[in-house]
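Following this message is one structure expressed as structure tokens.
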Amino acid sequence: MAKLTIPSQELMYSGHAACPGCGGALAMRLLLKGLGPRTIVSLPACCWTVIGTPYPTTALRVGILDNPFEATGASISGLRAAADVLGMKDVNIVGFAGDGGTADIGLQALSGMLERRTNAIYVMYDNEAYMNTGIQRSGETPWGAWTTTTPVSGDLHGKPEPKKDMMGIVLAHRPAYAATLNPAYPEDFDRKVERARDIVGPRFLHIFAPCPPGWKFDSSETIALGRLATDTGVFPLYEVVDGRLAITRKTGALKPVEEYLHAQGRFHHFTPEDVAKIQAQVRESWDRLVQREREDLSRPH
Amino acid sequence: MIEIRFHGRGGQGAVLASELLAQAAFLDGKSPQSFPFFGVERRGAPVTAYTRIDDRPVRLRTSIPNPDVVVVLDPGLLGTTRVTDGIRPHGLLLVNTPKSSEELEAPDGVRRAAVDATKIALSHGLGTPMMPIVNTAVLGALARATGVVSLEALSRAIEQFVPRSPVENRLAARDGYTTVRTVEVGALLSPLPVGAPVPRPSGEGPIAVVPSETIHTAAWRTFTPKIHLERCTKCNFCWKFCPDDAIEFDPQGFPRIRLAYCKGCGICAAECPPKTIEMLETLA
């Protein structure tokens, strides 16, 4: 066999109920490869409870705790406390929540977990809407995107509000580790998972999870679209260790966001002005990211 | 009361079929009820929907574990889903299939009916060969095989509630009505008392222990990848990017599709650098 660039172990079973081409399913598969079998996953209401746990089946070879929508942060705090009492030192405690369950419904539990310095990994897999219930907008839905609750017709022009900056919210809590991950870049993804695994303290992973039915693109394009998200600067890849930010994928020049937007039906109504607006915002946040990296590098340890 | 359970795949119109049937029954002066199973509503995934029809208002609010009639919109489901689970003795199994009704398998005493709704749908331009919209042709067959609704009421319901191609859908229902083949056509259904106990798995707590690999998702597929190994460079990209872990390696290290689990998303073909993977159309 040729040399593998990511771990060979498979801790996610086939036969799960994700849609064809699901970015969230690939995110779980890659995450567990890096974490290994000594892992407990806490799932709130999200696509993955339906993908992975229709009773009496399970799609993971590791333990799953099903918990309420708003409770992921609290549940991993409880799991860690229990593991500590039982003397289990080598176990990864992981919360795996969608963007709605993180940025909207589970925000206070996440904030509490980060503030208590819970020694656990919180994952937000971000498909940018409530996909499991049929594409309703969430705090993570980007500006202008079509969803069933932000329709496009007449005066209505998709979601009127911009995407919530979850990394900014999490970084304000000074976590031990925070990173953005994209399954289209599996080696970078795996390196960050393994790095998070070996750090003690509250850790946060923001995983980009393209959704073919929700974003309206062909299921074969999940990886290509993921690459475009990073290479246009829409979803930059970086990590923050002890407050120091480092961009982990830099390309010479960012591709035009138009390439990313036009690949998805949820942005089909965009005018050239809309594209220009997004382009300016992406440019500005990318420049801010580069600036922050530069400042962190020059700061003495 | 008549209880009817629909089995289809996401996108075929099983949920709309259950609603149309209820609308038709209402136009016939009956008291109907219809609702889908809240589960895996994925494109291509097995979907279940229910209709109850009675002369009096229906007070039951449960799913239908013991249907009088089971309707199967996709013959591919017969191999993967236990569609006749809980069907009542002397009930009816209606399947969209080119086969004859005698060839269908059903528990003893259950009547069988067959209609080639795919052929009918395509002859009226409903859907595509890969995803024909078969629900109205199947409903026509159901009306004839059970008598639970009249063809007139069904036609009116279709004209009122089908969003696209109402005329073609009405004609498809008519063709389903005239071409359905049953072991004995006629009024079904000596209504049986409801409330038979629902069988449940015994000896298990609320802990799920059955690996999802016991579920085969091959029936979700409309395209199947074929790897041309002579050009394969063993780069493993197909394996790396598969959301279903449906690619394994043979002893020589070449990738191999695990066809029981592949959903046909096409990522492997799109990402293969030397383009050695071809997506071929597969019919269920």
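Source: prediction; values computed, not measured. Residue numbers start from 1 in every chain, and the chains themselves are labelled A, B, ... in the order their sequence lines are given, proteins ahead of strands.
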Heavy-atom contacts under 4.5 Å, residues 7-16 of chain A to chain B:
A:Pro7, A:Ser8, A:Glu10, A:Met12, A:Tyr13, A:Ser14, A:Gly15, A:His16
Out of B:His216, B:Met279, B:Arg258, B:Glu271, which one racks up the most heavy-atom pairs below 4.5 Å with chain A?
B:Glu271
When the aromatic ring centroids of A:Phe235 and A:His206 are compared, is their separation below 6.0 Å?
yes
Testing the basics here: between B:Val47 and B:Gly10, what is the closest heavy-atom pair and its distance to 0.1 Å?
CG2-N, 3.4 Å
For chain B, which residues from residues 28-41 of chain A have at least one heavy atom closer than 4.5 Å to it?
A:Arg29, A:Leu30, A:Lys33
Is A:Thr58 in contact with chain B via its backbone, its side chain, both, or neither, using a 4.5 Å heavy-atom distance?
both
Main-chain N/O of A:Arg227 paired to A:Thr230 side chain as donor or acceptor, under 3.5 Å:
no
Could you check if a side-chain atom of A:Cys47 sits within less than 4.5 angstrom of a side-chain atom of A:Tyr125, using non-hydrogen atoms only?
yes
With a 3.5 Å distance limit and no angle check, can you tell me whether A:Asp99 reaches the backbone of A:Asp126 through a side-chain donor-acceptor pair?
no
Salt-bridge criterion met for A:Arg137 and A:Glu128 (N-O under 4.0 Å):
no
Quick one: does B:Trp239's side chain get under 4.5 Å of A:Ile6's, heavy atoms only?
yes
Review item, side-chain donor-acceptor pairs of residues 255-263 of chain A, under 3.5 Å, at least two apart:
| from | atom 1 | to | atom 2 | distance (Å) |
| --- | --- | --- | --- | --- |
| A:Tyr260 | OH | A:Arg266 | NH2 | 3.4 |

Residues of residues 181-197 of chain A within contact distance of chain B, non-hydrogen under 4.5 Å:
A:Pro183, A:Ala184, A:Pro186, A:Glu187
Look at the rings of B:Phe241 and B:Phe237 and say which category their plane angle falls in: under 30° parallel, 30 to 60° tilted, over 60° perpendicular.
perpendicular
At a 4.5 Å cut-off on heavy atoms, which part of B:Ser212 comes close to chain A: side chain, backbone, both, or neither?
both
Does the side chain of B:Ile267 reach to within under 4.5 Å of the side chain of B:Pro243, using non-hydrogen atoms?
yes
Identify which part of B:Cys262 has an atom lying under 4.5 Å from any heavy atom of chain A, answering side chain, backbone, both or neither.
neither
Leading residue by heavy atom contact count with chain B [cutoff under 4.5 Å; candidates A:Asp66, A:Thr5, A:Ile223, A:Thr53]:
A:Ile223
Hey, do the aromatic rings of B:Phe249 and B:Phe254 have their centres closer than 6.0 Å?
no
Picking from B:Val70, B:Val69, B:Leu60, what satisfies side chain to side chain contact (heavy atoms under 4.5 Å, CB included) with B:Glu3?
B:Leu60
Taking the side chain as C-beta and beyond, is there a heavy-atom pair between A:Thr133 and A:Gln136 under 4.5 Å?
yes
Student check: side-chain heavy atoms of A:Leu60 and A:Trp48 closer than 4.5 Å:
yes
Are B:Asp250 and B:Arg256 ion-paired here, with the side-chain N under 4.0 Å from a carboxylate O?
no
